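Below is one structure, written out as structure tokens, with a few remarks after it.
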Amino acid sequence: MVSSFGSETDTHEMILMALADHKHVYLPKVVNKQKMDFYEIQTLDDMIDQNAFGIKEPKESCIKVKAEDIELMILPGLCFDLKGNRLGYGGGYYDRYLQGKMIYKIGICFDEQILNEELETDEYDIQMDEVITDKRQLAAGGKMIEEVRYLVAELLKDEQSGHGMDHIERVLNLSLKFCEKEKAHKEITALIALLHDVDDYKLFGIEGAQELNHAKRIMKEVQIDSEIQQQVLEALSCIGYSKALKGIRPKTIEGRIVSDADMCDAIGATGILRAYTYSMKKGKPFFNKDVFPIENLNADTYIQRCSESSCNHFFEKLLKLKGMMMTEAGKKEAKHRHEIMVSFLYHYFEEENVPEWREYLDNYLKLKI
Ligand code: ADP
Ligand code: NI
């Protein structure tokens, strides 16, 4: 929370409400011309001394808080543009404080203070995640996430085997949807989703995959907070079907969400199309009635071989994914997508007039469910 100044929105009521709700409330104190820190206040009486700008600040006895412990910052401003860029009274204190930090930022102002034209910004200016006025709410989207998205898009621009940017965007959207239901950290989830295929062993070899070289480079370039980088890398090292076959699964809720979203994108209507595209690229047929699937492939055999047809891939991998979901939101989504695949396969085998495959599917489902 930030105390207001001049024509900025008054935050006192908001501070009182947050305190009454037993929330932790932190307010800034200017340390020198460059720097400010945040201190926890218990009551408004903790706000006394005036700083050089005439703004009330927490008194000496208040306890200083680390930036990593701040989840949400509410910033009043002189004005904001539609992208969430903020114009304050100058000084760049907030831009410096927030640089490289994963703190969710909500700008507040009166609707008249929203500019339709874009504010001029430099690389140090911090963008709000949301701006709320007395009339509307604008979701601005973090600048850091945008930069990561741009770098990932550049890396995967020539990718055509099912890991292109379209797949990444779908996994990102689904992950953010799950995130709301599971109450997970939005930015961390977004980073894991955007970076989950940048070191895929199929695209960049087994060694690069183990080192997570691209993910490390991209997060360094965008100056992601080092603690967040660690959390993202930890999750990335546990995502993927072949890892799951070895019993390696993500431990954090954010990693689990992305794992579920990634697997969901391999099933359902989209999954059918991806399996078709993949087989075509590999010169394999969509269906070969003479070659039946190999069930229970272990991780090493799965990595080495490619299903003989898309239809075999359904049995060798895709129909198993529903049972590998780790979150409630993922389970619900996968159930629905699984049914679409099953229904598709029954209809397809009917049209192809291959009753032995219908029977195979019947038995497969009986054993699995
Ligand atoms: P993901 O990024 O979802 O983990 P994969 O790397 O396993 O996916 O594969 C990319 C896409 O290609 C997925 O939709 C997957 O189902 C499909 N695919 C992978 N192998 C085959 C195969 N042998 N035959 C048909 N489709 C395949
Ligand atoms: Ni993927």
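Whatever order the structure lists them in is the order used to number ligands and atoms, beginning at 1. What you see is a predicted model, and the numbers here were worked out from it, not measured in a lab.
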Full working for side-chain contact (heavy atoms from CB on, under 4.5 Å) between Leu233 and Met219: CA-CA 10 Å; Leu233 292 172; Met219 286 198 286; 3.8 Å; yes
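Distance check for His163 against the Ni ion (ligand 2): none of its N/O/S atoms falls below 2.8 Å.
By the 6.0 Å and 45° rule, Lys186 does not stack over the aromatic ring of Tyr104. Taking the centre and axis of the six-membered ring of Tyr360, the NZ or CZ atom of Arg358 falls outside the cone set by 45° and 6.0 Å.
The shortest non-hydrogen separation linking Trp357 to Lys289 is NE1-O, 3.1 Å.
Listed by number with element, the atoms of ligand 1 under 4.0 angstrom from any heavy atom of Ser307 are 23 (N). Close approach of ligand 1 to Ser279 is summarised as follows: ligand atoms under 4.0 Å from at least one heavy atom of the residue are 24 (N), 25 (C). In summary, the atoms of ligand 1 found under 4.0 Å from a heavy atom of Leu318, numbered by their order in the structure, are 16 (O).
Using a 4.0 Å cutoff on heavy atoms, Cys306 counts as a contact of ligand 1. Judged by the shortest distance from any of its heavy atoms, Glu316 lies outside the 4.0 Å radius around the atoms of ligand 1. The closest approach between a heavy atom of Gly271 and any atom of ligand 1 is not below 4.0 Å.
In terms of N/O distances under 3.5 Å, ligand 1 is not approached by Ser310.
Aromatic pair Phe315/Phe292: centroids not less than 6.0 angstrom apart.
For the 3.5 Å distance criterion, the side chains of Asp362 and Tyr346 qualify, holding a donor opposite an acceptor. A donor atom on one side chain and an acceptor atom on the other are found under 3.5 Å apart for Glu40 and His24.
Ring-plane geometry between His196 and His167 is classed as perpendicular, the angle between the planes exceeding 60 degrees on a 0 to 90 degree scale with a lower cut at 30. Below 30°, between 30° and 60°, or above 60°: for Phe344 and Phe286 the angle between ring planes is above 60°, a perpendicular geometry.
By the criterion of a heavy-atom distance under 4.0 Å, neither the backbone nor the side chain of Thr277 is placed next to ligand 1. Contacts between Lys202 and ligand 1 below 4.0 angstrom, taking non-hydrogen atoms only, involve the side chain exclusively. Using a 4.0 Å cut-off between heavy atoms, Lys317 contacts ligand 1 through its side chain alone, with no backbone atom that close. Proximity of Asp265 to ligand 1, defined as any heavy-atom pair under 4.0 Å, is not found for any part of the residue.
Among the candidates Lys64, Lys66, Arg96, the single residue satisfying the salt bridge (charged side-chain N to carboxylate O under 4.0 Å, His left out) test with Asp37 is Lys64.
Taking the N/O/S atoms of Asp197 in turn, the shortest distance to the Ni ion (ligand 2) belongs to OD2.
Residue His313 holds the heavy atom nearest to atom 15 (C) of ligand 1 of all those in His313, Arg274, Lys284.
The Ni ion (ligand 2) forms the vertex of an angle spanning NE2 of His196 and OD1 of Asp262; to the nearest 10 degrees it equals 80°.
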